[in-house]
Amino acid sequence: MKLVIAEKPSVAQSLARVIGADKRWDGYLEGGGYLVSWCVGHLVELSAPERYDERFAKWRLEDLPILPERWLYEVSQGTKKQYQILKSLMERSDVTSLVCATDAGREGELIFRLVYNQARCKKPFERLWISSMEDAAIREGFEKLKPGTRYDALYEAALCRERADWIVGMNATRLFSCLYGQTLAVGRVMTPTLAMVVMRDAQIAAFKPEPFWTVQLKAGDLAVSSRRFSPKNDAEAVLQECQAAGEVVIEAVETKEKLEKPPLLYDLTSLQRDANRILGFTAQQTLDHTQSLYEKKLVTYPRTDSRYLTDDMQEMLPDLITAVAGKFKYSGSALRSEPVRPASIFNSSKVSDHHAIIPTKTMAESDFSGLSLGEMAVLQLISARLLCAAAEDYRYAESTVKVSCGAEEFTRKGRTDLQLGWKAIWQHFYPDKKKDEDSIGQIPGQGNRLHIDTAALKEGKTSPSKHFTEDTLLSSMETAGADEMPEEAERKGLGTPATRAATIEKLVQRGFIERKGDRKTRYLIATDKGNALITVMPEQIQSPSMTAEWEQKLLGIERGEYDAADFMDGIAGMIAGLVTTYEKAKGADALMSRNKVIGTCPHCGSEVLEKQKGWFCSNSECRFILWKDNAYFTKIGKRLTSQIVEKLLKDGRARLKDCKSQKTGKTYNADILLSTEADGRPQFSMVFENRKGGGSDGGKNFR
């Protein structure tokens, strides 16, 4: 009997159905010579510092650095039942071997191995390594199970990543929190990512726009523009000269034929970038939707960093393209069942663990009615990219017209489509809503003179870089430190495709960055808390290039090209050096305190500061505290937020809509009033809208 362990119940059920394990028991399935069970994320985790020594329960500078000589693990509190089920299955006498069927990557390997080791299992195990959840792929994977020892280096890299994150996060967080008197969460990837956002915001804030002017001429159907002028007087002089001349002379008309090759297939990062730019999805939403599509057998494995297919997939591609096009009802002339340039799609040397993300053959036979709108949108994006990648080049003629008026030269550029190729497919799925302003039309030849119909000045201003979107931040994370890495390095940047979305979400959840704008133009802006953290953070912690170098070393460990002990020694040495040499930044207390002020204490008049667990009066003698986990607000089905606190501190009251009665379950609107007791402790009371005589009175009269 073989015990198959998957990463989550839904995957286990898919595997069990294919291999014939159809009998259900508590926490596992059985049949066909297999037991199939599952983890629920990380069942086993690194222990907290106090497990090593009770004194670490308190955060003290003198206890740093904390560098375990022997790493301790424990079963997660919320998943002990499933762990015990797995442990008992491993210990069954009829189980002779195991199959690791967690996600085929670094994190999946870690999840299985930690459970296996925690249960002290010594039975041999094999590895299921698949890129698709289709039945055929599962059958083939079980027919070609690989020895578990083949992935020992992958497990070693995963351990190093987990332990390095623990060392850096635990020590740096305690160091800076103790020094600055508030919780400052620090992460090996999270903090350099935050630094990029903070620096971009600072560049934008420091930017001073400078005005410039151009001269715009229109002669018949031809509109041309001059170079930029500053000061304005220079542009006015040219304008007057053109008005006096009354005509332009065509000096040159140059036309060059150009092409744009089809885009590569998606890896996870490029998919997340397009989904953010086109659909307005966050990186995490895109990953969640794609993971769900994978588990429903509609797309291949999502957590990939490759944009190519393996050479042995060439025979299956034409049928897949035809099936995908038919499913999405595309039959344009740009569609080709045979790829124009196989080398742009197939390259086994550029596929490590998993090939690019593509739709499956199962997708073409599936009913989409059960998909969410988000899943459907991502599936269409992946399908459109596949069809485009296999289509012909987009070819166009680019024309440059140069005219003169007096001593000044004016230009106009434009293009004419010659062959839409892959763009015809893309525009079918995503029509371009922008007006076509590139077309020039018919232009008289060199030497011709054209009468100037209109001449005018146009004022403009230089503009700064734009705030990061998730699209552009993912791109910057992917390429961070690339200039300092060797050309042959395959994985560069901060984090991996599988972890970048989670990093951005952590920064948002912990209040270091926030999303602003609408869904289509949503920017990522550093908060006061984020700015304060980077202000006090030393370069070695916030440096993208150093963290990117660590990612490269982890990849080397995966391949057996770099020693894991050397990597961990480097991490420990860096943290030990930081703890012993870091000096508290001058003026940082005032900066961080100022950034936390949210209002004035209604009891003593001192500043109220926002901290991790609530809003505290800065006067240590005063007992005014508003806890974020507030029992009064929980009782009425609401959550105390910064916006509500600001309103309460400013006006003494705040309007809440859709409060919920615990007794009746009904919702109501009310005003919450804030007052204080003699010692400063806050008190809340409530007044309701008067609905007598025809409904709400707008909140002006209360009873």
Side-chain angles (χ1 to χ4, degrees), residues 1-44 75-76 79-152 154-155 158 291-298 300-303 353-354 360 362 498:
M1 185 82 74
K2 286 187 177 183
L3 170 60
V4 180
I5 299 179
E7 193 162 320
K8 57 181 68 174
S10 59
V11 175
Q13 290 165 9
S14 295
L15 299 177
R17 186 171 59 253
V18 173
I19 61 178
D22 52 6
K23 294 179 182 178
R24 293 180 176 273
W25 302 96
D26 185 17
Y28 69 98
L29 301 103
E30 182 176 1
Y34 292 98
L35 300 174
V36 182
S37 191
W38 53 85
C39 303
V40 187
H42 284 270
L43 297 183
V44 177
V75 179
S76 303
T79 56
K80 282 188 174 181
K81 178 183 177 182
Q82 188 60 25
Y83 169 78
Q84 290 298 333
I85 290 172
L86 287 174
K87 187 174 186 295
S88 64
L89 292 174
M90 291 181 193
E91 293 172 348
R92 277 177 46 163
S93 59
D94 59 341
V95 171
T96 56
S97 65
L98 288 76
V99 176
C100 171
T102 49
D103 281 359
R106 189 190 289 172
E107 206 63 20
E109 193 70 23
L110 181 65
I111 288 172
F112 170 81
R113 297 284 190 119
L114 291 181
V115 172
Y116 179 86
N117 292 335
Q118 186 77 10
R120 292 185 170 83
C121 186
K122 302 297 182 184
K123 296 176 182 179
F125 66 89
E126 297 169 289
R127 190 51 158 112
L128 176 70
W129 195 270
I130 55 177
S131 294
S132 169
M133 286 299 294
E134 291 180 285
D135 291 358
I138 293 172
R139 290 191 194 96
E140 183 179 359
F142 272 94
E143 291 169 1
K144 299 179 180 179
L145 291 172
K146 298 172 173 56
T149 53
R150 177 174 171 177
Y151 297 92
D152 286 349
L154 180 66
Y155 169 54
Q291 178 68 26
S292 178
L293 291 169
Y294 168 67
E295 293 174 17
K296 293 175 180 177
K297 310 178 189 294
L298 302 180
T300 57
Y301 186 73
R303 292 173 174 83
D353 296 336
H354 299 281
T360 62
T362 301

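This one's a predicted model, so the numbers in the text were calculated from it and none came from an experiment. Values below: every heavy atom of this structure, side chains too, minus hydrogens, waters and symmetry copies. One-based numbering along the sequence shown.
- Residues Q84 and K81 form no side-chain contact, since every pair of their non-hydrogen atoms from C-beta on lies 4.5 Å or further apart.
- Q291 places no side-chain N or O within donor-acceptor distance of the main-chain N or O of P302, the cut-off being under 3.5 Å.
- For the pair S132 (side chain) and T300 (backbone), a donor-acceptor distance under 3.5 Å is absent.
- Between R139 and E143 there is no salt bridge, since no side-chain nitrogen of the basic residue lies less than 4.0 Å from a carboxylate oxygen of the acidic one.
- Contact check for L154 versus R106: side-chain heavy atoms found under the 4.5 Å cut-off.
- Contact annotation: the side chain of T360 never approaches that of M133 to less than 4.5 Å [non-hydrogen atoms, C-beta and beyond].
- Looking at T79, its side chain never comes within 3.5 Å of a backbone N or O of C39 through a donor-acceptor pair.
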(message) Please determine whether side chain to side chain contact (heavy atoms under 4.5 Å, CB included) holds for the pair V95 and L35, giving the CA-CA distance in whole Å, both sets of side-chain angles, and the decisive distance to 0.1 Å.
(response) CA-CA 8 Å; V95 171; L35 300 174; 3.5 Å; yes
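- Taking 4.5 Å as the limit, every side-chain heavy atom of I111 sits out of range of all side-chain heavy atoms of L43.
- Residues V99 and F125 are not in side-chain contact: their nearest non-hydrogen atoms beyond the backbone lie 4.5 Å or more apart.
- Remark: the E107 side chain and the T102 side chain contain no N/O donor-acceptor pair separated by less than 3.5 Å.
- Checked by atom type, the side-chain pair N117/Y155 shows a donor-acceptor distance below 3.5 Å.
- No donor-acceptor distance shorter than 3.5 angstrom exists from the side chain of S131 to the backbone of Y301, with no hydrogens or angles considered.
- A distance of 10.5 Å separates OH in Y28 from CG in L3, rounded to the nearest 0.5 Å.
- Salt bridge present: R113 and D152 bring a charged side-chain N and a carboxylate O closer than 4.0 Å.
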(request) Take F112 and R127 through the side chain to side chain contact (heavy atoms under 4.5 Å, CB included) test and state the conclusion after the steps. (result) CA-CA 10 Å; F112 170 81; R127 190 51 158 112; over 6 Å; no
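- Looking only at side-chain heavy atoms (C-beta outward), K87 and V75 stay at 4.5 Å or farther from each other.
- With Y116 contributing its side chain and M90 its backbone, the two residues share no donor-acceptor pair below 3.5 Å.
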